[in-house]
Every structure is written in C-alpha cells, then in structure tokens.
Amino acid sequence: MVQRGRTRVAQLTSLQYDALERAIVDGQRIAVRRRGTEFLVIPESIGSRQGRETIEARHPTTGEHLTLVIEEVDEIEVVT
C-alpha cells in the first residue's frame with residue numbers, strides 16, 4: 001500500500017485488475033479475503049467512495065449487495 005497524503009491506495013497489479021475486470025464482464029465469482037474472512041461474491045463494478053477504490057458486488061445466493069474497499073482486501077482470486 002502506498003500513502004498519498006491521507007489517502008491510502010491499494011496496490012493491485014495490472015494482471016489482478018485485468019482478472020477482476022474479466023470476472024465483472026463474465027459474471028464470474030471471486031474469492032475475497034479480508035482480515036481472516038473469505039467472501040465469495042460476484043463482482044458487478046469497480047467504483048470509488050470517499051476517495052477509496054471499491055468493488056461493488058453481490059452475494060451469489062442471497063443477492064445481498066456488498067461494497068468491498070480494495071485497500072482493506074488481503075487477496076482476490078477469480079473462482080473458475
């Protein structure tokens with residue numbers, strides 16, 4: 001993570017962004033690990049809230065909407 005002023009910016013590689021964007025386009029599930037918890041979600045978009053980059057997603061079974069802040073994510077993996 002890089003500090004820029006008071007905003008922390010998560011460091012995803014271009015390959016990770018490509019995989020995330022492909023999962024959004026194809027409707028594939030992703031596994032997101034954050035603080036020891038794994039979320040299995042379907043990403044819908046990459047966005048921004050209050051200067052923080054986010055993944056807007058939904059739970060594949062319940063349809064519940066989730067907003068995941070990328071800088072708080074430990075790992076993202078596309079589930080094939």
Visitor: Could you grab the distance from atom CD1 of Ile55 to atom CD of Glu72, nearest 0.5 Å is fine?
Guide: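 Rounded to the nearest 0.5 Å, the CD1-CD separation comes out at 11.0 Å.
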Visitor: Assess the residue pair Ser48 and Glu53 against the criterion (side-chain hydrogen bond (donor to acceptor under 3.5 Å, both in side chains)); give the C-alpha distance rounded to whole Å, side-chain angles, the decisive distance to 0.1 Å, and a yes or no.
Guide: CA-CA 4 Å; Ser48 179; Glu53 195 168 24; over 6 Å; no
Visitor: Rounded to the nearest 0.5 Å, what separation is found between the CZ atom of Arg34 and the CG atom of Leu68?
Guide: 6.0 Å
Visitor: Applying a strict under-4.5 Å side-chain criterion to I, L, V, M, F, W and Y, I'd like to know whether Val73 and Leu40 cluster together.
Guide: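 No, Val73 does not connect to Leu40 through the hydrophobic network.
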Visitor: Please step through side chain to side chain contact (heavy atoms under 4.5 Å, CB included) for the pair Glu21 and Ile46, ending with a clear verdict.
Guide: CA-CA 8 Å; Glu21 289 168 354; Ile46 299 171; 4.1 Å; yes
Visitor: Taking only distance into account, with no hydrogens and no angle test, what donor-acceptor pairs under 3.5 Å do side-chain atoms of residues 22-33 form with protein atoms, sequence neighbours excluded?
Guide:
unit_1: Arg22; atom_1: NH1; unit_2: Asp26; atom_2: OD1; d: 3.2
unit_1: Arg33; atom_1: NE; unit_2: Glu38; atom_2: OE1; d: 2.9
unit_1: Arg33; atom_1: NH2; unit_2: Glu38; atom_2: OE1; d: 2.9
unit_1: Arg33; atom_1: NH2; unit_2: Glu77; atom_2: OE1; d: 3.4

Visitor: Flag yes if Leu20 and Val69 sit in one hydrophobic cluster, no otherwise; membership is Ile, Leu, Val, Met, Phe, Trp, Tyr, and two members link when side-chain heavy atoms are under 4.5 Å apart.
Guide: no
Visitor: Could you tell me whether Gln50 atom CD has more than 12 heavy atoms of other residues or ligands within 6.0 Å of it?
Guide: no
Visitor: Flag yes if Ile70 and Ile42 sit in one hydrophobic cluster, no otherwise; membership is Ile, Leu, Val, Met, Phe, Trp, Tyr, and two members link when side-chain heavy atoms are under 4.5 Å apart.
Guide: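 Each belongs to a different hydrophobic cluster.
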Visitor: Can you list everything that forms a side chain to side chain contact (heavy atoms under 4.5 Å, CB included) with Glu64? Sequence neighbours excluded, please.
Guide: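 Testing Glu64 for side chain to side chain contact (heavy atoms under 4.5 Å, CB included), a comparison that skips the adjacent residues, returns His59, Thr62, Leu66.
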Visitor: Tell me every residue that passes side chain to side chain donor-acceptor pair (under 3.5 Å) with Glu44, counting only those two or more places apart in sequence or in another chain.
Guide: Arg58
Visitor: May I ask whether Val41 and Val79 are part of the same hydrophobic cluster, defined by side-chain heavy atoms of I, L, V, M, F, W, Y residues being less than 4.5 angstrom apart, directly or through others?
Guide: no
